[in-house]
Amino acid sequence: MGKEEIKKNYLEKIKKFRHYNQNYYDKNKSLVADAEFDNLKVEILDLEKKYKFLKNPYSPSSSVGFKPSKNFQKIKHKVPMLSLGNAFIEQDLLNFEKRILNFISQKENFEIFYSAEPKIDGISASLIYKNGKFISGLSRGDGKEGEDITTNLATIKDIPKKILSKDFPEEIDIRGEVFIQNSDFEVLKEKFANPRNAASGSLRQKNPEDTKKIPLKFIAYTFGFEKGLKVGNQFEFLKKLNEWGFKTNPMNKLINGVKNLMINYYEIEKKRTQLNFDIDGIVYKINNFQLQKRLGNVANAPRWAIAHKFASNKAISKILGIEIQIGRTGALTPVAKIKPISIGGVLVSNATLHNEDEINRKDIRVGDIVTVERAGDVIPHILSVDVKKRSKNSSKFLFPNKCPSCGSKTIKEFNEITKKNDAVRRCTSEGYECKKIAIEKLKHFVSKEAFNIEGFGKKIVENFWKLKLIKLPQDIFLLDFKKIEKMEGWGKQSVANLKYSIEQKKNISLEKFIYSLGIRHIGLENAKLLSKYFKSFSNLKELSKNNKYNELLNIDGIGETQVNSVKNFFNNKANLNVIEKLQKILTIKDSLFQKKNGLLKNQTFLLTGKLNGISRVEAKSLIEENSGSTISTVSKKLDYLIVGEKPTKRKVETAKELKISILDQNQFLKMLNKTS
Ligand code: IVH
């Protein structure tokens with residue numbers, strides 16, 4: 001079919017779609033069954049996916065007037081807006097509680113009270129109040145920086161603009177969820193895939209008058225920065241929110257122990273379908289604020305809260321094909337292309353098959369009728385195959401032993417730790433030599449948690465790659481902007497913006513830089529650990545020069561898997577070349593993790609044995625918060641050995657031999673001015 005013909009066919013479908021839509025809205029008439037209507041939508045979307053030149057303002061894909069605007073000002077949150085870890089089954093909750101008890105060094109009989117709050121699936125917002133007046137409102141953004149959406153938020157009736165209560169704090173960021181009720185969503189169905197998209201789209205309208213037309217609701221549940229808040233626990237805080245004029249979830253409950261959390265979970269899950277808003281789980285927060293504070297955060301989620309997600313939605317569909325995707329680390333991931341089907345309000349056409357072993361284990365074949373599951377925001381996956389419905393001439397799926405992108409051999413690595421072959425098959429190319437891997441590496445490099453170059457998304461990476469504008473990470477900083485300016489879809493202003501965003505990111509923290517390199521097994525948390533330990537990039541490079549990788553094992557949290565991966569990374573010439581080029585272009589800031597002049601400045605510690613009422617992790621945090629550092633062996637580098645109950649004898653003896661100061665718990669706490 002020629003381009004013209006494709007376009008003609010597409011426009012006919014759009015015309016039909018508009019016709020059905022108009023009848024539905026203006027005349028309240030359904031001309032076709034829902035399924036047929038959905039089918040038409042899918043056909044249009046498929047065509048657009050296949051032929052990038054197809055576009056139309058009336059297409060179901062087009063969110064005309066609801067596109068997120070770039071015009072909102074970015075503002076830093078005074079206190080970051082964190083996300084939550086997930087739990088799915090009772091064991092996850094038991095582990096969560098156990099981690100907490102370990103951290104605060106308490107036994108199982110210690111009773112923990114939780115505020116259990118149904119988790120509304122909307123958009124979170126932070127409302128800043130000063131002296132009882134609503135001053136401004138921000139979206140979550142990346143958690144650190146949000147968009148100023150004050151005028152749009154101000155149109156929401158549930159948000160009090162003035163609070164006169166005497167006990168309302170002098171300053172406070174009230175946080176909660178903006179959402180749309182299912183009954184209100186009915187009339188917006190055509191424009192948005194689900195209520196959540198509708199809430200997000202309307203919150204970010206350029207014109208607040210447009211936001212006003214959509215009945216948004218707000219439920220409050222936490223706070224960020226505060227001055228003058230006189231409340232000691234979450235449940236009391238929720239009560240206060242009500243008194244101050246905010247809406248809170250009427251199903252919030254104060255519950256103790258995992259058993260009771262489970263009872264409440266099943267009760268709410270049963271009620272779920274009758275509610276007028278979507279909930280995707282229950283948030284549990286340790287009720288006591290003091291305890292919350294003591295527990296603190298890990299990476300970007302609090303230790304004291306977790307989201308208990310509801311079981312997924314399932315549907316039956318057919319596998320149309322199996323595609324092999326190649327990831328940043330060379331992993332070959334099979335993806336099933338399935339006959340599009342709506343699961344829980346979202347149209348699903350892809351399902352992950354995880355890896356080669358999974359396909360073999362479940363004997364998944366093209367043409368199979370399968371049950372697909374979609375749980376929360378996780379990528380849908382195949383739950384089971386209906387073997388009875390399989391056609392006689394179906395054949396087993398053969399996993400490619402050559403990389404579909406570059407033709408290199410694919411292998412399953414032997415894992416030294418599990419003493420088994422990995423379940424994942426990988427492309428053996430050097431990395432940047434394989435087109436698909438290189439593109440994925442570049443996407444990772446510019447991604448939010450890494451360089452976070454505004455306006456440089458995945459699509460641009462793909463596009464620039466195709467046009468041979470970028471091949472390696474350093475090319476991003478050496479772009480030919482004159483050439484881009486002449487390209488379709490680009491103009492002087494957009495190129496100037498891009499140039500500016502790239503320029504800005506030449507100054508980067510060590511932690512982000514390490515993460516952006518995309519070293520296997522070095523995610524955000526490990527990148528943080530490495531940057532904390534090495535302080536500067538040259539120190540890390542030194543290690544590779546001297547081949548002293550085992551030193552990495554000194555870092556609490558870094559194991560053999562990570563060490564091997566770092567070693568492999570630095571032994572690869574292509575990687576070294578990229579690093580060298582980047583170092584010339586960038587300013588990599590030394591890590592400034594520790595308080596510069598804390599009480600334990602320049603001192604190293606090692607803990608042996610059990611402390612009373614303080615866990616290992618907490619002791620380590622305490623040391624680091626006060627500018628000290630911890631090491632894991634007794635050597636001349638050690639300044640203090642902290643000895644708890646049942647210490648390792650050898651450590652104590654070696655410390656004595658080396659004349660290292662030995663502290664008991666009290667002496668240690670005294671150093672921090674914290675004696676009990
Ligand atoms: S507390 C400090 N409470 O869940 C932890 N969040 O995955 C984070 N959410 O971005 C906020 N109901 O959009 C909290 N009662 C509730 C919530 C809730 C829904 C959302 C919120 C947040 C996400 C975290």
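Bear in mind the structure is a predicted one, so any value in this text is a computation, not a measurement. Remember, it's 1-based here, ligands and their atoms both numbered in the order they're listed.
- Panel note: side chain Asn252, backbone Asn249; a donor-acceptor pair is recorded below 3.5 Å.
- Using a non-hydrogen distance threshold of 4.0 Å, Ala305 does not register as a contact of ligand 1.
- When Lys119, Lys309, Gln292, Gln234 are ranked by how near their heavy atoms come to atom 19 (C) of ligand 1, first place goes to Lys119.
- In this structure, the ring of Tyr515 has its center less than 6.0 angstrom from the ring center of His444.
- Residues Phe289 and Phe223 bring their aromatic ring centres within 6.0 Å.
- A donor and an acceptor atom, one from each side chain of Tyr284 and Glu97, are nowhere located under 3.5 Å apart.
- Atom 8 (C) of ligand 1 has Leu82 O, 3.7 Å as its closest protein atom, hydrogens excluded (heavy atom only).
- With a 4.5 Å cut-off on side-chain heavy atoms, Glu462 and Lys443 count as touching.
- Nearest protein heavy-atom neighbour of atom 7 (O) of ligand 1: Leu84 N, 3.5 Å.
- Looking only at heavy atoms of the protein, atom 10 (O) of ligand 1 is closest to Ser124 OG, 3.6 Å.
- Among Lys285, Met81, Arg175, the residue whose heavy atom sits closest to atom 3 (N) of ligand 1 is Lys285.
- Of the protein's heavy atoms, Glu117 OE1, 2.7 Å lies nearest to atom 15 (N) of ligand 1.
- When only modelled atom types and interatomic distance are considered, Gln234 and Glu117 share a side-chain donor-acceptor pair under 3.5 Å.
- Taking the six-membered ring where the residue is Trp, the centroids of Tyr221 and Phe179 are separated by 6.0 Å or more.
- Looking only at side-chain heavy atoms (C-beta outward), Ile306 and Asp92 stay at 4.5 Å or farther from each other.
- With a 4.0 Å cut-off on non-hydrogen atoms, Val283 touches ligand 1 through its side chain and not its backbone.
- Counting heavy atoms closer than 4.0 Å to ligand 1, residue Asn249 contributes nothing at all.
- The side chain of Glu177, and not its backbone, has at least one atom closer than 4.0 Å to an atom of ligand 1 (non-hydrogen atoms only; side chain from C-beta on).
- Those atoms of ligand 1 with a heavy atom of Ile120 less than 4.0 angstrom away are 12 (N), 19 (C).
- In this structure, the protein non-hydrogen atom closest to atom 12 (N) of ligand 1 is Tyr221 CE2, 3.5 Å.
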